[in-house]
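Read the structure below first, then the notes.
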Number of protein chains: 2
Amino acid sequence: MSADLTRNQTLVMKTLSGAEAPLSAYTILDRLRDDGLRAPLQVYRALDKLTEMGLVHRLESLNAFVACAHPNCHEQELIAFAICEACGKVEEFSDDVVKDRLDGWTRAHGFRPAKTTIEIRGNCGGCVGKA
Amino acid sequence: MSADLTRNQTLVMKTLSGAEAPLSAYTILDRLRDDGLRAPLQVYRALDKLTEMGLVHRLESLNAFVACAHPNCHEQELIAFAICEACGKVEEFSDDVVKDRLDGWTRAHGFRPAKTTIEIRGNCGGCVGKA
DNA sequence: CAAGGATGTGTAATGTCATAACATTATTGT
DNA sequence: ACAATAATGTTATGACATTACACATCCTTG
């Protein structure tokens with residue numbers, strides 16, 4: 001089903017899947033030095049492909065990347081992220097009503113959307129409790 | 001009404017207000033060399049304050065800044081941006097239904113939001129026509 | 001007025017994120 | 001096997017943002 005990944009793609013994917021929180025490209029690179037990766041581009045190229053395949057998401061407000069939470073996620077239409085600034089964990093969800101409203105706006109304005117980003121930064125339940 | 005701005009803040013604000021599209025901090029800096037600005041920090045500090053005041057918004061997916069579209073905008077609750085990748089123009093809007101839905105999700109999950117980003121990248125009406 | 005705090009400014013150095021350009025090495029389809 | 005396509009490796013560079021430190025300005029309050 002999911003197309004085969006190349007060596008570098010597999011390494012990057014495993015690193016992200018095993019992480020508790022989003023990782024920057026350079027952090028991924030650092031964790032893969034022992035596997036032979038040496039340059040940022042090797043990571044960025046893998047991330048590009050993985051993102052295209054919907055296996056990885058980029059968090060714009062963090063300049064970092066996470067593995068997709070849905071096991072066999074094939075590009076869900078619109079994904080929102082809730083990012084905890086304390087523990088770093090990210091929750092991924094989607095909402096059809098939000099999607100409809102944004103679609104409504106773009107249609108009404110003749111805007112053709114290519115990619116939509118929704119990111120909520122704050123503190124997750126667990127971390128609010130501790131505070 | 002709007003608190004007085006300092007010299008640097010005024011310069012940055014004027015630059016952004018006069019721009020057709022979002023500007024990066026370094027672009028702003030370049031345009032203000034003749035006014036005596038020399039270091040990125042002078043721009044970033046001004047941008048921080050202006051953003052706090054709600055006069056300027058940061059576009060996360062662009063790493064760039066725009067003047068707030070609403071004349072006397074005092075921190076509207078939730079703002080969405082539609083960013084044209086062809087001409088660079090940005091439209092700013094808000095939607096209470098979207099806000100309610102996202103609020104609903106965060107409340108249900110005990111998540112305390114601090115800042116929410118909604119950015120739609122694509123092509124605006126004008127540019128879709130030309131294509 | 002003087003002392004102290006808060007805020008703004010100037011500068012250099014550095015840190016962090018991302019891509020261009022080029023050469024080489026698989027992989028795949030016919 | 002051959003050509004086309006995609007992936008890789010490497011160096012250098014570009015683009016975005018912050019740390020650390022020194023100095024100046026304004027404003028308060030005793």
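Every chain is numbered from 1 and lettered A, B, ... according to where its sequence line falls, protein lines coming before strand lines.
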Without decimals, in angstroms, what is the distance between A:Lys49 NZ and D:dA6 C1'? 7 Å
Non-hydrogen atoms of B:Ala67 and B:Glu92 that approach each other most closely: O-OE1, 4.3 Å
If only side-chain N and O atoms of A:Thr6 are considered, is one of them under 4.0 Å from the OP1 or OP2 phosphate oxygen of D:dT8? yes
Over 60° means perpendicular and under 30° means parallel, so tell me whether B:Tyr26 and B:Tyr44 are parallel, tilted or perpendicular. perpendicular
Can you work out whether B:Phe65 or A:Asn8 has the more 5'-proximal nearest nucleotide on DNA chain D? A:Asn8
Less than 3.5 Å apart, any donor N or O on the side chain of A:Glu119 or B:Thr117 sitting next to an acceptor on the other? no
With a 3.5 Å cut-off and no angle check, do the side chains of B:Glu91 and A:His109 form a donor-acceptor pair? no
Distance in angstrom units between A:Met53 CE and D:dA6 P, rounded: 12 Å
Between C:dT9 and B:Gln42, is there an OP1 or OP2 to side-chain N/O distance shorter than 4.0 Å? no
From CG of B:Asp48 over to P of D:dT19, roughly how many Å is that when rounded to an integer? 11 Å
Quick note, A:Leu41 side chain, CB onward, closest among C:dT11, D:dA17, C:dA20 is C:dA20
Look at A:Glu60 together with B:Arg121 and state whether they make a salt bridge at an N to O cut-off of under 4.0 Å. no
Can you work out whether B:Pro40 or B:Asn63 has the more 5'-proximal nearest nucleotide on DNA chain C? B:Pro40
Does the side chain of A:Arg7 get closer than 4.0 angstrom to OP1 or OP2 of D:dA6 through an N or O atom? no
Between C:dT11, D:dC16, C:dG8, spot the one nearest the side chain of B:Arg45, thanks. C:dT11
Roughly how many Å is it from CD in B:Gln9 to P in C:dG10, rounded to a whole number? 12 Å
Mind listing the residues from residues 14-32 of chain A sitting with a heavy atom below 4.0 Å of DNA chain C? Number order is fine. A:Ser24, A:Tyr26
Short N-O contact, A:Asp95 and A:Lys99, less than 4.0 angstrom: no
